[in-house]
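Fair warning: this is a prediction, and the values are worked out from it, not measured in the lab.
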There are 2 protein chains.
Amino acid sequence: MKEGPDIARVAALIGDPARANMLTALMSGKALTVSELAEEAGVTIQTASSHLSKLDEGGLLRPRKQGRHKYFGLASDDVAHVLEGLMGLAAGSGHLRKRIGPRDAELRQARVCYNHLAGDKGTQLFDSLIAQEYLRHDGEHIVLTKAGAAFAERFEIDIDGLRKARAPLCRECLDWSERRSHLAGSLGRAFLGRFEELSWAKRDQKTRVVTFSAKGAKAFDGMFPVSR
Amino acid sequence: MKEGPDIARVAALIGDPARANMLTALMSGKALTVSELAEEAGVTIQTASSHLSKLDEGGLLRPRKQGRHKYFGLASDDVAHVLEGLMGLAAGSGHLRKRIGPRDAELRQARVCYNHLAGDKGTQLFDSLIAQEYLRHDGEHIVLTKAGAAFAERFEIDIDGLRKARAPLCRECLDWSERRSHLAGSLGRAFLGRFEELSWAKRDQKTRVVTFSAKGAKAFDGMFPVSR
DNA sequence: CCAATACTTCGATTATTGTCGAAGGATGAA
DNA sequence: TTCATCCTTCGACAATAATCGAAGTATTGG
C-alpha cells in the first residue's frame, strides 16, 4: 500500500465529523474559542482541544490567544474555498441533485462565506458590479474602477482605508451553490458589513444564513440590478 | 457527539491514502480500470474494488463497463476542482509555503486538469484569450466571441462540432497553483488536444505533467501573448 | 467448451483513531 | 491569595475501517 498523496492527509482532517462541524462553524469568518467549538461539535472540551491541535498543525486553522481564551479561525480564504467546494460535492451539485431542505434554500439564497456575502445575493452583487463597470477583470485580477471607488464611497465604504490595509481589496471567490463568482476580499467584507449597518440584511448568530428584509432586498435589487 | 455535516462524509472518502492515490491518478481525465487503479494505489484488486465502490456511491466517480473491463473516471469537473483545491492546501499555498520539489515545479508549469491545460501555461492561455477578446466574461459566463470562434477555427478546432455536443464550451476553472482561472470545458480540452497534435506539448503517460518542447513553447507564447 | 482474465463479495484480522475521565497548568476576577 | 474558568495532556477503552485470502461470477479468446 503506497503512502498517500498529501491530499489524503488534509482531507482526513476534514473527514472527521467533530472536526467538520468545527470547520463549518468557522465558515462565518468569526473566530471561536475552544469551548464554543466543543459545543459546536458536541464533544467535550478535551476532545475539541485535541482536534483543534490537529487542525492547527495541518494548517487549516489559525490560533490566537487572549488571556485565558484561545480563539481559532480558519487559516485562510483557501481553506474556506475548499470547504465550499466540498459542500458543493456533498450537496450533489457534482452530478446528482439531492433534495433541497429549507435550510439549504436559505443558504443558497444568501449566506456568509468567510465574512463576505455568498449565494444568490452574493453572485448578484458581483455580477452587477461588473455589469455597471464598478469592477472589471484585469487579466488575472479583479480591480475596482474609479467609478466603482466613487460608488463605494457614496455607499459609505472607506476605500482608502481598505486600500491601506494588507488584505487584498477584491478577490473572486467561486460560489458553489451558484457555480459563479461572488466578491471576496476586504471590499466584499465591507459590503456585507454595510448591508448589516443599513439593516438590509441580518446574519443569523447560529448559522451562516443571511436574511434580507423585504425592504433590504428591494433596496439591494435597486442598487445592484442585473439583467436576468 | 453530533453527526457530522455531509462534508465529513465526502472528505473522509478522499482522506484514505489508497483512495486519494486513485483519485489523483484520475485527475488526468482518463478513465482507468479496477486493475490499473489497484496498481496506482498499491493495493490488491479486491481492496481497490471495495474502495471504488465507495467512491462511486459517494458520487465522486463514474463507472463504465466494457465487457470484462470496468472503467472509472471522475464524476465531474466539480470533483476535479475540489481535488485541485485540496492540492493547493496540501502544498501549503494556504499560508505556509512548502519546499517545492522538481515534480511540483513541472506540475505548476503545465499539467492536465481533467483533460484541459492547467498551471502557468493554462492560465496564460486563458488570460491571453481574454486579453485578445477571443473570450469574454458575460456576467456569469465565459463566452467565445465571434473573433474567438474564427481564431479557433483557424487553429483547426471544430467549434461547430463542439457547440453541437452537450458539454459546455467554455468554463472557468480556478487554478490552484496559479490562483487564477484557466480554461475548462470542451474548448479547453480541444486546445490541449491541438497542442498535442502539433507536438507543441506532450502529456506524460504516468503523471499529469505536460511538457512543452522549446519550439512548442515558443509557438505557444507567440500565439498566446500576455502582458506580464 | 475450457482456461484465462477481470472483478465482486465475504469474513477474519489488525491498526488506527476518536472519546472521555482524570490531572495539571495558565489566567483573571474577587 | 483563593477560587473559578479555560485549556492541555495523558492514558485506557471501544469502535471503525482498511486489508487480504478465499471463493464466486462474468466475459473473452483459443
Take the protein atom [atom1] of [X] and the nucleotide atom [atom2] of [N], then report the distance between them rounded to whole Å.
{"X": "B/Gln66", "N": "D/dG29", "atom1": "CD", "atom2": "C1'", "value": "17 Å"}
{"X": "B/Arg64", "N": "C/dA6", "atom1": "CZ", "atom2": "C1'", "value": "17 Å"}
{"X": "B/Ile45", "N": "C/dT8", "atom1": "CD1", "atom2": "P", "value": "10 Å"}
{"X": "A/Tyr71", "N": "D/dC6", "atom1": "OH", "atom2": "P", "value": "10 Å"}
{"X": "B/Lys65", "N": "C/dC7", "atom1": "NZ", "atom2": "C1'", "value": "7 Å"}
{"X": "B/Arg68", "N": "D/dG24", "atom1": "CZ", "atom2": "P", "value": "21 Å"}
{"X": "A/Asp16", "N": "D/dA17", "atom1": "CG", "atom2": "C1'", "value": "14 Å"}
{"X": "A/His51", "N": "C/dT17", "atom1": "NE2", "atom2": "C1'", "value": "9 Å"}

I need the single residue from A/Thr24, A/Ile14, A/Val43, A/Leu55 that forms a side chain to side chain contact (heavy atoms under 4.5 Å, CB included) with A/Arg19. Which is it? A/Leu55

Of all the choices, C/dG18, C/dA22, C/dT8, which nucleotide is nearest to the side chain of A/Gln46 once you look at every atom? C/dA22

Against the side chain of A/Val43, the closest entry in D/dT8, C/dC7, C/dT19 is C/dT19

[X] side-chain N/O to [N] phosphate OP1/OP2 under 4.0 Å:
{"X": "A/Ser49", "N": "D/dC7", "value": "no"}
{"X": "A/His69", "N": "D/dT5", "value": "no"}
{"X": "B/Thr44", "N": "D/dT19", "value": "no"}
{"X": "A/Ser35", "N": "D/dC7", "value": "yes"}
{"X": "A/Lys70", "N": "D/dT8", "value": "yes"}

Just say parallel, tilted or perpendicular for the rings of B/Trp200 and B/Phe155, cut-offs at 30° and 60°. tilted

Using the ring of each side chain (for Trp, its six-membered ring), is B/His116 parallel, tilted or perpendicular to B/His182, with breaks at 30° and 60°? tilted

To the nearest 0.5 angstrom, please state how far the CD1 atom of B/Ile45 sits from the CD atom of B/Glu39. 9.5 Å

Across the strands shown, which category fits [X] at heavy-atom distances under 4.0 angstrom: base, sugar-phosphate, nothing?
{"X": "B/Thr47", "value": "base"}
{"X": "A/Lys54", "value": "sugar-phosphate"}
{"X": "A/Ser53", "value": "nothing"}

I'd like to know if B/Arg194 and B/Glu197 make a salt bridge, using a cut-off of under 4.0 Å between side-chain N and carboxylate O. yes

